[in-house]
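Computed from a predicted model, the values in this text were never measured in an experiment.
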There are 4 protein chains.
Amino acid sequence: MADGRIPASGHIVREAGPPAPRRGRPRSAQADRAIMDAAAEVLAERGLAGMSIEEVAARAGVGKTTIYRRWTSRGTLALDAFLAEFQGQQPLPDTGSLHDDLLAALRAWIRSVTGTSAGPILASLIAEAQRDPGLAASWRGRVVERLRDQHKIMLDRAVARGEIAAGTDYDVVLDLMFGAAYHRLLQGHQPLTDKFARQVVDYVVAGLKRA
Amino acid sequence: MADGRIPASGHIVREAGPPAPRRGRPRSAQADRAIMDAAAEVLAERGLAGMSIEEVAARAGVGKTTIYRRWTSRGTLALDAFLAEFQGQQPLPDTGSLHDDLLAALRAWIRSVTGTSAGPILASLIAEAQRDPGLAASWRGRVVERLRDQHKIMLDRAVARGEIAAGTDYDVVLDLMFGAAYHRLLQGHQPLTDKFARQVVDYVVAGLKRA
Amino acid sequence: MADGRIPASGHIVREAGPPAPRRGRPRSAQADRAIMDAAAEVLAERGLAGMSIEEVAARAGVGKTTIYRRWTSRGTLALDAFLAEFQGQQPLPDTGSLHDDLLAALRAWIRSVTGTSAGPILASLIAEAQRDPGLAASWRGRVVERLRDQHKIMLDRAVARGEIAAGTDYDVVLDLMFGAAYHRLLQGHQPLTDKFARQVVDYVVAGLKRA
Amino acid sequence: MADGRIPASGHIVREAGPPAPRRGRPRSAQADRAIMDAAAEVLAERGLAGMSIEEVAARAGVGKTTIYRRWTSRGTLALDAFLAEFQGQQPLPDTGSLHDDLLAALRAWIRSVTGTSAGPILASLIAEAQRDPGLAASWRGRVVERLRDQHKIMLDRAVARGEIAAGTDYDVVLDLMFGAAYHRLLQGHQPLTDKFARQVVDYVVAGLKRA
DNA sequence: TCGTAACCGAGACGGTACGTCTGGTCTTTTT
DNA sequence: AAAAAGACCAGACGTACCGTCTCGGTTACGA
């Protein structure tokens, strides 16, 4: 599963059969919300490095155990709080042209990352994932792969339209495009401008049509 | 300067004039070496996340202040220990063809990153740089820019040979290529294979010639 | 009442009248037994300090509330578990001589306290009573006073036999004798030997006849 | 040693020889005082059961580690704070008569225990010692034995005067007398009155002269 | 025979305190 | 003036229990 979220009740996971009885007091949805809100708040104020479980618990008016019961680590909690906002800001454009689709997608990403507090948070989540294997797995499964699946649809359409060759390696194409963008976000050696977006897409599409 | 290393003597930096008298006991070169060795050792064993100043000091047989006197943070110490090995493993190929130059450079990078302990350390240094502005500055100045300057020489040669256009934006080209590589290193969603290196260089060069 | 045991049903205590209707599901005698057994087990293994309600509940296969419904505190539960064994090990000797009666009583107490697990448990119950007023009251009512009433019978008999004066302050006599014994149990500065028992009784009886 | 106090510096204990160099920063005497004062304060306010290391640290304006560096447990810290006041309140009377010496000593003990906050603290220290072997050892060594040595001097004098026999077992005599007093303190079944003191001493001295 | 009251096990809840770890600083003596 | 040593304050960590609460369900009585 690898989503960092700890499932309710210590029972063995059931594959099928009746809907499972659910014993004991159910998890409080209110606590859930309070924790997520508090986490998002602290995250925006101080970043992931300055976010302690202790403070999130205090702000949410919740015991620390109530957090530890749901998330395995600071990182996975932050990921959930982050995705609540970031998820859905990444559209799946359909302009009829690969070039314009990719450009729209990249622009949306850049806009999220430079225009909101998402940029540094996203960066620090990748950073945290380097030391928290559980978060790394969640990150790959819930962010990287999910976004990538969306983006592959654009490439599928381009193949269907005959714009690019059928055997194209989608992963490499997307690594080129988003790798460049993540590179600038993480290293900070150059700004994430709109001109950059256009240049990247131009190069990538040019390479695709030639290759 | 931004190299994270703290210069000897707390005196005001002298611009010119006599070679400066240097009062008091000079810094121990032996302590220097012991610290670097200990840091490299811990770094290899436990990674940056598991490296505490406390332990490095203990292993080096050195007081904590002796470390704090030389480096501003855990990250800058780790950077120094890292560069002692990584520096120089990145060659400046000159094959007479842009494609082969880029491929050789990327292959060297991938070899360092997958074949030695440098990969995870490099990743964790980038991670640490997200929370330590001093390290971020050092990282950009001593790693990113330095390597980039090397790589730009390859592109200069290609322009001179007439392989690519004169106005080409080197930064974007290098971001595409190395961005893709860093992307796979940091996200871990796909492996850093030789095939990947070839594909990336093919795409980038194709795009360059077309654009 | 002060016995730490909580009576069934939250109803107002009735003074007299019909035998009370008793509505709702009656308390499970099986749970009762399971709790007492589990408590005795943990008590023997880890002592009172290492006995948590949580673990007793888990071992007894019982919800924590089922325990809290019956006992006001860890101490009162432990007292019940303790008395189940200790009660009845303290005989009421009747040898025809005060000296021998007291000696038999003291010997029985010392045997319980040194020969079984009762010693440390008894000590830790007195310890716990210092911080739990409810337990302190129960302890006095159910252990100290009860035992004392028994011992006073021996003194009554001695008075009847003309062995000691009629006005003798029983409390002081018993405090001397058992105080010395408790002292050694709690401070551990000297062992509770049979010789000690004999000496104590000798001194006390000598003092009684003289005074 | 068994005094619960942790000696400074991690060095091996030296038996003899030069006064030892003492490396590193010495323990702060100011922190020492602040901790003791804070502990005494909390102890008086809430008793030992309500005294947490956390609060003592906070009140003393000191890090928790600074306390843990000096004392092995809550109990040994409390003992130190307690003895700072209690020690010295127990005189060594010399009236020329065993009866009057013992009475004066017992009265002084009762006065300390009933007239000041020492009573409940003393009781809770004995209680705590039942679960903390380190405290138990300190308690025996620093309180019980020390006081007992004082009291034995009174008995020595009585032997010298020919008041009591030479072979008298001092431990039993003192257990009788102070055992009775501790008994009332810990069980609370009867008050520690002056009449009680007189009766106890009368019985004990009567027993001694007869035996 | 049904409703209602009190019980049952499970487990989540808000808290407190634990003892440890590390960070970065400060204070000694020694070189 | 720098070194090694080690104590200093601060504060987060993750855990253990506390005593309470909220579920779904059971058991007995009395209407």
Mind calculating the distance between [atom1] ([X]) and [atom2] ([N]) to the nearest angstrom?
{"X": "Arg74(B)", "N": "dT22(E)", "atom1": "CZ", "atom2": "P", "answer": "10 Å"}
{"X": "Trp71(B)", "N": "dG23(E)", "atom1": "CH2", "atom2": "P", "answer": "15 Å"}
{"X": "Leu77(B)", "N": "dG24(E)", "atom1": "CG", "atom2": "P", "answer": "12 Å"}
{"X": "Tyr68(D)", "N": "dT22(E)", "atom1": "OH", "atom2": "C1'", "answer": "17 Å"}
{"X": "Lys64(A)", "N": "dA12(E)", "atom1": "NZ", "atom2": "C1'", "answer": "18 Å"}
{"X": "Ile35(D)", "N": "dC8(F)", "atom1": "CD1", "atom2": "P", "answer": "7 Å"}
{"X": "Ile6(A)", "N": "dA12(E)", "atom1": "CD1", "atom2": "P", "answer": "10 Å"}
{"X": "Arg33(B)", "N": "dA3(F)", "atom1": "CZ", "atom2": "P", "answer": "14 Å"}

Please report the interatomic distance [atom1]([X]) to [atom2]([Y]), rounded to the nearest 0.5 Å.
{"X": "Leu48(C)", "Y": "Glu128(C)", "atom1": "CG", "atom2": "CD", "result": "4.5 Å"}
{"X": "Arg74(C)", "Y": "Ser52(C)", "atom1": "CZ", "atom2": "OG", "result": "8.5 Å"}
{"X": "Ile121(A)", "Y": "Leu79(A)", "atom1": "CD1", "atom2": "CG", "result": "11.5 Å"}
{"X": "Ile35(A)", "Y": "Asp80(A)", "atom1": "CD1", "atom2": "CG", "result": "10.5 Å"}
{"X": "Ser138(B)", "Y": "Trp71(B)", "atom1": "OG", "atom2": "CH2", "result": "12.5 Å"}

Closest nucleotide of DNA chain E for Thr65(D) versus for Thr65(C): which of these residues is on the 5' side? Thr65(C)

Which residue lies more 5' along DNA chain E, comparing Arg25(D) with Arg69(A) via nearest heavy atoms: Arg69(A)

Answer yes or no: does a side-chain N or O of Thr66(A) lie under 4.0 Å from OP1 or OP2 of dG14(E)? yes

Heavy-atom nearest nucleotide on DNA chain F taken for Thr72(C) and for Gly61(B); more 5' hit belongs to Gly61(B)

Contacts of Ala29(D) and Ala60(B) projected onto DNA chain F by closest heavy atom; the upstream (5') one is Ala60(B)

Quick check on contacts: within residues 43-57 of chain B, what sits under 4.0 Å from DNA chain E by heavy-atom distance? Ser52(B), Ile53(B), Glu54(B)

By salt bridge (charged side-chain N to carboxylate O under 4.0 Å, His left out), Arg59(A) pairs with (sequence neighbours left out) Glu41(A), Glu45(A), Glu55(A)

Regarding the side chain of Arg27(C), the nearest nucleotide among dC7(E), dA12(F), dG9(E) is dC7(E)

Looking at dG15(E), dA3(F), dA4(F), which one has an atom nearest to any side-chain atom of Arg70(B)? dA3(F)

Quick check on salt bridge (charged side-chain N to carboxylate O under 4.0 Å, His left out): which of Arg5(A), Arg69(A), Arg27(A) does Asp32(A) satisfy it with? Arg5(A)

